[in-house]
Protein chains: 2
Amino acid sequence: MTERLTGVTGRLSKQIAQEILSGRRSLGERLNAKTISEEYRVSRTPVRNALMELEKNSLVERIPNKGFFVVQSLPDCAQGWMESRVSTEIDDYQLLANDWLTDSIPSTVTEQFVRERYGWAKVKAVSLLNRATREGWAERNPGYGWTLLPVAKTTESFSELYRFRIAIEPAALMEPTFKLDRKVINQQRDIQNMILDSEMGSIPDEAILEYGASFHEELIKLSGNPYFLMALQRVNKMRKLMEYKAQINRERLVVNCSEHLEILDMLEQGSVVDASFKLRQHLSKALNRKADKTRTWDETVEKLG
Amino acid sequence: MTERLTGVTGRLSKQIAQEILSGRRSLGERLNAKTISEEYRVSRTPVRNALMELEKNSLVERIPNKGFFVVQSLPDCAQGWMESRVSTEIDDYQLLANDWLTDSIPSTVTEQFVRERYGWAKVKAVSLLNRATREGWAERNPGYGWTLLPVAKTTESFSELYRFRIAIEPAALMEPTFKLDRKVINQQRDIQNMILDSEMGSIPDEAILEYGASFHEELIKLSGNPYFLMALQRVNKMRKLMEYKAQINRERLVVNCSEHLEILDMLEQGSVVDASFKLRQHLSKALNRKADKTRTWDETVEKLG
DNA sequence: AACTGTTTTTATGTTTACAGAAATGCAATA
DNA sequence: TATTGCATTTCTGTAAACATAAAAACAGTT
């Protein structure tokens, strides 16, 4: 199979496939190339290539001079094909991050070292180390080499991160530039309800994490202050790194979503102060559960290392 | 003159020169290569090269098999030479940042565009755009090109940044992991007193900004929570960008330093809560002066554009 | 023993060329 | 007229080779 795993085309084919499989694109629906290209802020070329790729896998069909359409009935293998595709694609960044989190590489590395270890080209090594720097767990040494920071792997780190969130998230809601956007509120409410209504375990762990992160990011966006958002996005990236292998507590999930819904209600009723307070409580709870959670995480690390 | 402006050697020669000219290294003092190399976390090679460079400019002298020493009397031209050197060295990053702040380049640029405009090699263009991304004012587009964010140039941006600082800095002092370090307190007190004692205008604007930033960063370090520090460092980078051309209010400087000293005293006496409150007040004042300040800044931009 | 001076090794920055991907323009079609 | 399909242009990723810089090892000096 000639799959493109990197670049815009590869990402698009994966995303569109997910949209189809999750039902966000209905069966038989027309797929307008220009619309999609604008949605993803790219040109039509990679969109068309992605669709042609999906055609090979019988997710879409093509009618000459009319364009692409979602197939009338999904092939049986589709879901499995998608999953295998996602799971095999542990990308290079995760490779490096995992090795660091499991102490498989030393805390100071040279560009050369990672190139040899992973067989990466020069530019690739540099750009991945740069990404790690952007996301806060690496930094360049004055001369040669890079230092990998213990920030995302210690037990304390988890609670430190949550304490930081407690400082910024409730404060963001109290910003003078705060502006309620009912569309955002409703959208988030729908998501939370969807999670509550779903079968236990039907939503993959990664998606749960993603929904959680986006809930908090959308909320902080309402503050109208980009610095709060940027700070949260950054720590969320580190959080994803930390929680990558951690198990999600499915029982907590119900309480979690309910609290999210409560906060949304308060905001909609204009009780911003209450919402801010509730948000603080909500985050504090997660912090207090930390002890158990990080123990599990430590065991996970132990197991892997 | 064969000057190295980039790389470790170049940075070192500049920094050591400043240390000598500012009196932090006394006349005739011995310059131990190994000690210096450890101080700057590099090997002896660039240190020796930097010192050999300074020898050419008569700031240090070399005695065979005994090493380098600060000269007994500084040459008259030294101060001027240093200044000219600093001012001519507007580095490439500043070039790009300035052009963006003065609207000399569009908000979406391609790598190619900046390469041609500044005559940069491919790698250089990429790494500078990456740096801009790290520092929060640029981001990669999904396909080709980069988007430059208006975050560091609007009038609102200034107050948004300060409101963010008000949210995190006082909170950091209240962290349970907060730990007083008298060495840091004393060091900062010395710096603030030094500024107060100095002749009006004897310290360059950039140094003033730098001292201010380091005061707040050292304080937030005491919290023991790296996430607070990382967030502050990041916004400080953007602040430096914004205030790069802004005039420093020399009269405010005295009040500013006094407030810094007050906060240090409170901390030393163990009144962390008071210090936290005072810090909030201190930042709020700066925020309220914003109106005047940003007007000046707007005029500056106008003038340059 | 600790430092300087020198040599050797290793790592990184820079340039170039080329292949491949994305953007763009244009003709054909519904 | 908006959209598709295709050709063309533009931009970017990758690899290799080389020059240069930093680190490390070693010999000589105080």
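Note that this is a predicted model, so its numbers are computed, not measured. All values below come from the heavy atoms of this structure, side chains included, with hydrogens, waters and symmetry mates left out. A, B, ... follow the sequence lines: proteins, then strands. Residue 1 opens every chain.
If you check every strand for non-hydrogen atoms under 4.0 Å, B:R62 touches sugar and phosphate atoms only. B:I63 comes within contact range of the sugar-phosphate backbone alone, with a heavy-atom separation under 4.0 Å but no base atom that close. Using a 4.0 Å heavy-atom cutoff across all strands shown, B:R30 reaches sugar-phosphate atoms only and no base atom.
The nearest whole Å value for the distance from the CG atom in B:N49 to the P atom in D:dT20 is 14 Å. The distance between atom NZ of B:K34 and atom C1' of C:dA1, rounded to the nearest whole Å, is 11 Å. Residue B:I36 contributes atom CD1, which lies 13 Å from atom C1' of C:dT4 at whole-angstrom precision. Separating the CG atom of A:N141 from the C1' atom of D:dA21 is a distance of 15 Å, rounded to the nearest angstrom.
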### Query
If the sugar-phosphate is the primed atoms plus P, OP1 and OP2 and the base is the rest, what is the B/S/- string for nucleotides 24-30 of chain D, using protein heavy atoms under 4.0 Å?
B----SS

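For B:N32, a side-chain nitrogen or oxygen approaches OP1 or OP2 of C:dC3 to under 4.0 Å. The phosphate of D:dT4 has neither OP1 nor OP2 within less than 4.0 Å of any side-chain N or O from A:R48.
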### Task
Please assess B:L95 against B:N98 for the test side chain to side chain contact (heavy atoms under 4.5 Å, CB included), listing each intermediate value before the final yes or no.
CA-CA 5 Å; B:L95 213 62; B:N98 270 342; over 6 Å; no

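When each of A:V42 and B:F68 is assigned the nucleotide of DNA chain C with its nearest heavy atom, B:F68 is the one assigned upstream, toward the 5' end.
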Return the polar atom pairs (N/O with N/O) between nucleotides 11-18 of chain C and the protein under 3.5 Å, or none.
unit_1: C:dA11; atom_1: N3; unit_2: A:Y144; atom_2: OH; d: 3.4
unit_1: C:dT12; atom_1: OP1; unit_2: A:E111; atom_2: N; d: 3.2
unit_1: C:dT12; atom_1: OP1; unit_2: A:G145; atom_2: N; d: 3.3
unit_1: C:dT12; atom_1: OP2; unit_2: A:E111; atom_2: N; d: 3.1
unit_1: C:dT12; atom_1: OP2; unit_2: A:Q112; atom_2: N; d: 2.8
unit_1: C:dG13; atom_1: OP1; unit_2: A:R140; atom_2: NH2; d: 3.0
unit_1: C:dG13; atom_1: N7; unit_2: A:K122; atom_2: NZ; d: 3.1

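In this structure, CH2 on B:W100 lies 5.0 Å from CG on B:L148, to the nearest 0.5 angstrom.
In terms of the side chain to side chain donor-acceptor pair (under 3.5 Å) criterion, A:R30 has no residue partners (sequence neighbours excluded).
A donor-acceptor contact shorter than 3.5 Å links the side chain of B:N57 to the backbone of B:E53. Between the side chain of B:S26 and the backbone N or O of B:E29, no donor-acceptor pair lies under 3.5 Å. Although no hydrogens or angles enter the test, the distance criterion places no donor-acceptor pair under 3.5 Å between the side chain of A:E135 and the main chain of A:A132.
Considering only heavy atoms from C-beta on, B:D190 stays 4.5 Å or farther from B:M194 through its side chain.
Under the salt bridge (charged side-chain N to carboxylate O under 4.0 Å, His left out) test applied with B:E111, the options B:K124, B:K122, B:R140 reduce to a single match, B:K122.
With a 6.0 Å radius and a threshold of 12 heavy atoms from other residues, nucleotides or ligands, A:Y211 has its OH atom at or below the threshold.
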